[in-house]
Amino acid sequence: MHPRTDHLIDLALEEDAGLGDLTSRAIFPAGHASRAYVAAHEELVVCGLGVAARVFERVDPSVRVTLGAKDGDRVGKGRRVLSLSGPTASILTAERTALNFLQRLCGIATLSRRYADAAAGTGVRIADTRKTTPGFRALERYAVRCGGCHNHRSSLGEHVLIKDNHIAAAGSVARAVRRAREAAPHLCRIEVEAGTLADVRQAVRAGADAVLLDNMAPLQVAAAVMVVAGSARVEVSGGVRLETLRAYALPGVDVISVGALTHSAPAADLSLTVLRGRR
């Protein structure tokens, strides 16, 4: 588990239960115990079970958590992915926070799986972007991997990506690439964003290691691949949807990056149910 995860869990618990759980504490005495489970209400890819389990542990270490699946599993509607036993008030206090993490991460993993399946057989990698929930990047990137897709750079410090505003401020692609090459570590990859075929030509002439084709139509992508002619890696980004992905997964394209994997993934449908009859 990422070292920041406990911090995120504690922030979420403080937000939701920092003043306690008035309802649960009023109804259930300290000795009242229950059994419960978390189940999927749709087909989904599991992700975040360890995080959800950790939420219950942070609320009350006496709550016993049993995993009914593992991250990356595809499960059907009705599958119980988590079982719980312990103090009733503790289970109910942790419920919403645990589900918030689980639904978010399962949602990303499920959408990522759809994209990975759509790209199967093309040889093209589907990658995420930095369009993540602030503070949640490590968890959301993990969910992308659980769904079978790949991670792009995790921060601005991983490799050089020269975008349109860098080029505008530097004055030209050549000048931006030259300055980046002089200042960056010697093994650092230099990638240049290109919105037109003229931009692609400039990036290739400047010696870019990779060219990011931004918001191009499939025919433009095909033409850009011919311009690059194997001299650099080719990434496609912008406007690629699940239903259009195959049109962009052309020979010569190495990576398609999709911000929607994290910024537009719908929450997965899971809920917690307390079993009756326990005191």
Side-chain angles (χ1 to χ4, degrees), residues 1-13 15-17 21 24 28 32-114 116-117 128 132-133 135-151 261-262 265-278:
M1 191 175 295
H2 194 276
R4 291 198 190 101
T5 301
D6 275 350
H7 178 58
L8 292 173
I9 290 171
D10 290 345
L11 285 174
L13 287 172
E15 180 179 64
D16 199 43
D21 179 353
S24 297
F28 304 108
H32 194 286
S34 291
R35 291 181 296 117
Y37 63 87
V38 174
H41 296 292
E42 62 179 343
E43 292 185 1
L44 54 82
V45 175
V46 175
C47 182
L49 288 180
V51 180
R54 184 65 169 157
V55 171
F56 289 100
E57 182 182 345
R58 297 295 275 184
V59 170
D60 186 343
S62 72
V63 175
R64 291 189 56 189
V65 182
T66 304
L67 305 186
K70 64 181 185 297
D71 287 353
D73 284 352
R74 298 194 204 201
V75 302
K77 182 178 180 180
R79 173 74 173 270
R80 296 185 183 187
V81 298
L82 203 69
S83 297
L84 305 153
S85 62
T88 305
S90 297
I91 291 173
L92 296 177
T93 297
E95 173 186 4
R96 183 69 268 155
T97 299
L99 286 174
N100 283 349
F101 279 101
L102 196 57
Q103 290 178 303
R104 175 67 179 151
L105 297 177
C106 287
I108 292 172
T110 301
L111 183 60
S112 296
R113 185 74 263 168
R114 290 173 184 153
D117 289 347
D128 57 16
T132 53
T133 307
F136 278 71
R137 183 168 294 167
L139 285 176
E140 292 181 353
R141 283 165 56 84
Y142 170 66
V144 167
R145 296 194 302 274
C146 283
C149 290
H150 301 268
N151 296 142
L261 296 182
T262 52
D269 189 1
L270 301 106
S271 69
L272 183 147
T273 299
V274 173
L275 297 169
R276 292 179 175 271
R278 187 76 180 269

J.: Taking NZ, NE, NH1 and NH2 as the nitrogens, is one of them in Glu57 or Arg54 under 4.0 Å from a carboxylate oxygen of the other?
T.: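 A salt bridge links Glu57 with Arg54.
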
J.: Side-chain contact, heavy-atom cut-off 4.5 Å: Ile9 with Phe101?
T.: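 With C-beta onward as the side chain, the pair touches.
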
J.: Do Leu82 and Leu272 touch side chain to side chain, with heavy atoms closer than 4.5 Å?
T.: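 No. Closest side-chain heavy atoms not under 4.5 Å.
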
J.: So, do Ile91 and Glu95 sit near enough that their side-chain heavy atoms are less than 4.5 Å apart?
T.: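 Answer no - side chains too far apart.
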
J.: Under 3.5 Å, side-chain donor or acceptor atoms of residues 40-47 against the rest of the protein: list the pairs with distances, not counting sequence neighbours.
T.:
unit_1 : atom_1 : unit_2 : atom_2 : d
His41  : NE2    : Ser271 : OG     : 2.5
Glu42  : OE2    : Asp269 : N      : 2.8

J.: Is Leu270 close to Cys106 at the side-chain level, that is, under 4.5 Å between some pair of heavy atoms?
T.: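 Yes, their side chains come closer than 4.5 Å.
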
J.: Using a distance-only test with no angle check, is there a side-chain donor-acceptor pair under 3.5 angstrom linking Tyr142 and Asp71?
T.: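 Yes, a side-chain donor-acceptor pair sits under 3.5 Å.
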
J.: Ser62: what forms a side-chain hydrogen bond (donor to acceptor under 3.5 Å, both in side chains) with it, not counting sequence neighbours?
T.: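 With neighbours one apart ignored, the set is Asp60.
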
J.: Output yes when a side-chain donor or acceptor of Glu140 lies under 3.5 Å from a complementary backbone atom of Leu105, and no otherwise.
T.: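 Between the backbone of Leu105 and the side chain of Glu140 there is no qualifying donor-acceptor contact (under 3.5 Å).
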
J.: Side chains of Glu15 and Thr97: closer than 4.5 Å at any heavy-atom pair?
T.: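 No, side chains not in contact.
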
J.: Is any NZ, NE, NH1 or NH2 atom of the basic residue among Asp117 and Arg74 found under 4.0 Å from an Asp or Glu carboxylate oxygen of the other?
T.: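 Looking at Asp117 and Arg74, the cut-off is met.
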
J.: Does one side chain, of Ser83 or Thr66, offer a donor that lies under 3.5 Å from an acceptor on the other?
T.: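 On atom types as modelled, these side chains do not qualify, holding no pair under 3.5 Å.
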
J.: Short question: side chain of Arg79, backbone of Gly68 - any donor-acceptor pair under 3.5 Å?
T.: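 Yes, the answer is positive, given that a donor and an acceptor are paired below the 3.5 Å cut-off.
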
J.: Taking the side chain as C-beta and beyond, is there a heavy-atom pair between Val81 and Leu67 under 4.5 Å?
T.: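 They are not in contact (no side-chain heavy atoms under 4.5 Å apart), so the answer is no.
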
J.: With a 4.5 Å cut-off on side-chain heavy atoms, are Val38 and Arg80 touching?
T.: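 Sidechains of Val38 and Arg80: no contact.
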
J.: For Asn100 and Arg96, which I'm curious about, is there any donor-acceptor pair between the side chains at under 3.5 Å?
T.: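 Result is yes, a qualifying pair exists.
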
J.: Taking side chain as C-beta onward, heavy atoms only, is Leu8 less than 4.5 Å from Phe136?
T.: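 Side-chain contact under 4.5 Å: yes.
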
